[in-house]
Amino acid sequence: MSDNTNKPLYGALEAGGTKMICAVGTADGKILDRVSFPTETPAETVPKMTAYFSDKGISAIGIGCFGPIDLIPGSETYGFITTTPKTAWKNYNIVKAFKDALGVPVGFDTDVNAAILGEAGFGAAKGLKNAVYATIGTGVGIGVLSEGRLLHGVLHPEGGHILIARREGDTAKSACPFHENCLEGLAAGPSIEKRWGKKGFELADRPEVWDLEAYYIAQALVNYTLLLAPERIVLGGGVMAQEQLFPLIREKYKELLNGYLSVKEIEDLDSYIVPSSLGGSQAVLGCFLLAKDAL
Ligand code: ADP
Ligand code: ZN
């Protein structure tokens, strides 16, 4: 495979709990080919993926992976998917599997860190050095770019599980098995379904659903601003397909912040809290950048 410009080709794997998106492209954001495989067990799915990449002439591959994962260089379990509820993938060394099969450098980070890298390279956060990507989907996760680098630490940010205040009268059981009052437990897709008895897309015409949803998301975003000082917050994931959420989130964000910060970026909320861009390819494009970095 070639893009006719002699630029190095990179592989991208956006590893998700339901599907594995594999793509080949360049670090300037061109996707030349893309396929997807259902996420079964590693024994079933990994050979399909490595076979796909094996004849593409890639110089390196970037993996943006569902978590939690170990991405601390030097750690004994670096490259492992660690405590995931997807039992077949628990304690699986996905980096080694690709390194052994393809013999190329492997870049490795979370799916949401890959997404913010893609958005900052080519999309809604283009050119920014400090930005947050939050996905509100089956779970909630955040990717953080801080001073131009993806934020890690002892693990990686787990901003989906930050604790938030319930609205009075909301007694629905949390969908998070660990926390009664975390964002994921109160606002991810499954918690919407649990609270209202229907899937999110079937509730489009119920304003009370999105009002509560926006209240919870806005609390989280205020906390992200206060702690991480991003220049922009990008929101993606299945639940955010409800575009009516954006003005509601901005309104509640403003109320909750209550004038505390006078920063021009934050005062222009229409361009501070924005939908993801790139047609869902932000993580794949970020993976090309992870691959380039690994090379
Ligand atoms: P994942 O998080 O598994 O990668 P998604 O980001 O697509 O996948 O999120 C899936 C979740 O989003 C599900 O809980 C689903 O009910 C919810 N969802 C998908 N589409 C919509 C929609 N149009 N409106 C509201 N919720 C949606
Ligand atoms: Zn939680």
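Residue indices begin at 1 and follow the sequence shown. For clarity, every value in this text was computed on a predicted model and none was experimentally measured. First listed ligand is number 1; within each ligand, the first listed atom is number 1.
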Trainee: In the complex you have, is atom 21 (C) of ligand 1 within reach of the protein, judged by whether a heavy-atom distance drops under 4.0 Å?
Mentor: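 There is a protein heavy atom less than 4.0 Å from atom 21 (C) of ligand 1.
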
Trainee: So which heavy atom on Glu14 is nearest to which on Ala283, and how close?
Mentor: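 Scanning both residues completely, I find the closest heavy atoms to be CD-CB, 3.5 Å.
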
Trainee: In ligand 1, which numbered atoms sit nearer than 4.0 Å to a non-hydrogen atom of Gly200?
Mentor: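 Ligand 1 atoms under the 4.0 Å threshold to Gly200: 24 (N), 25 (C), 26 (N).
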
Trainee: Which atoms of ligand 1 have any heavy atom of Gly237 under 4.0 Å away?
Mentor: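 Within the 4.0 Å cut-off of Gly237, ligand 1 contributes 6 (O).
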
Trainee: Hey, does Leu235 have a side-chain heavy atom less than 4.5 Å from the side chain of Ile249?
Mentor: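 Side chain of Ile249 against side chain of Leu235, heavy atoms only: contact under 4.5 Å found.
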
Trainee: Going by heavy atoms in the side chains, are Pro190 and Thr138 under 4.5 Å from each other?
Mentor: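 Yes - at least one pair of side-chain heavy atoms lies under 4.5 Å apart.
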
Trainee: Quick one: which ligand 1 atoms are inside 4.0 Å of a heavy atom on Pro190?
Mentor: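 Counting from 1, the qualifying ligand atoms are 14 (O).
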
Trainee: Under 4.5 Å between side-chain heavy atoms, counting indirect links through other Ile/Leu/Val/Met/Phe/Trp/Tyr residues: same cluster for Met20 and Val35 or not?
Mentor: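 In one cluster with Met20: Val35, yes.
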
Trainee: Looking only at protein heavy atoms, which one is nearest to atom 9 (O) of ligand 1, and how far off is it?
Mentor: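 Atom 9 (O) of ligand 1 sits closest to the protein heavy atom Gly137 CA, 3.2 Å.
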
Trainee: Only to 10 degrees, please: what angle do the SG atom of Cys182 and the ND1 atom of His179 make about the Zn ion (ligand 2)?
Mentor: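 Angle ND1(His179)-the Zn ion (ligand 2)-SG(Cys182): 110°, rounded to 10°.
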
Trainee: If you consider just the N/O/S atoms, which atom of His161 is the closest one to the Zn ion (ligand 2)?
Mentor: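 In His161, the N, O or S atom with the shortest distance to the Zn ion (ligand 2) is ND1.
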
Trainee: Which residue and atom name correspond to the protein heavy atom nearest atom 6 (O) of ligand 1, and how close is it?
Mentor: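 Here the closest protein heavy atom is Gly238 N, 2.8 Å.
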
Trainee: So do the side chains of Tyr10 and Leu295 get within less than 4.5 Å of each other, counting heavy atoms only?
Mentor: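 Touching, per the 4.5 Å side-chain cut-off.
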
Trainee: Examine the side chains of Glu119 and Ser277 and answer whether a donor and an acceptor come within less than 3.5 Å of each other.
Mentor: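 Yes, side-chain donor-acceptor contact under 3.5 Å.
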
Trainee: Give the residue, atom name and distance (to 0.1 Å) of the protein heavy atom nearest atom 4 (O) of ligand 1.
Mentor: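 The closest heavy atom on the protein side is Thr138 OG1, 4.8 Å.
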
Trainee: Just by modelled atom types, is the Ala172 backbone N or O under 3.5 Å from a matching donor or acceptor in the Arg166 side chain?
Mentor: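 Yes, Arg166 side chain to Ala172 backbone: donor-acceptor pair under 3.5 Å.
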
Trainee: Contact between ligand 1 and Val239 is defined here as a heavy atom of the residue under 4.0 Å from a ligand atom; is it met?
Mentor: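 Val239: in contact with ligand 1 (<4.0 Å).
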
Trainee: Measuring only between side-chain heavy atoms, which start at C-beta, is Tyr272 closer than 4.5 Å to Leu221?
Mentor: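 In short, these two side chains do not touch, never coming nearer than 4.5 Å.
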
Trainee: Under 4.0 Å from a heavy atom of Gly189: give me the atoms of ligand 1 that qualify, with their elements.
Mentor: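 So the atoms of ligand 1 that pass are 14 (O).
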
Trainee: I'd like to know if Gln242 contacts ligand 1, where contact means a heavy-atom distance under 4.0 Å to any ligand atom.
Mentor: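 It does; at least one heavy atom falls under 4.0 Å.
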
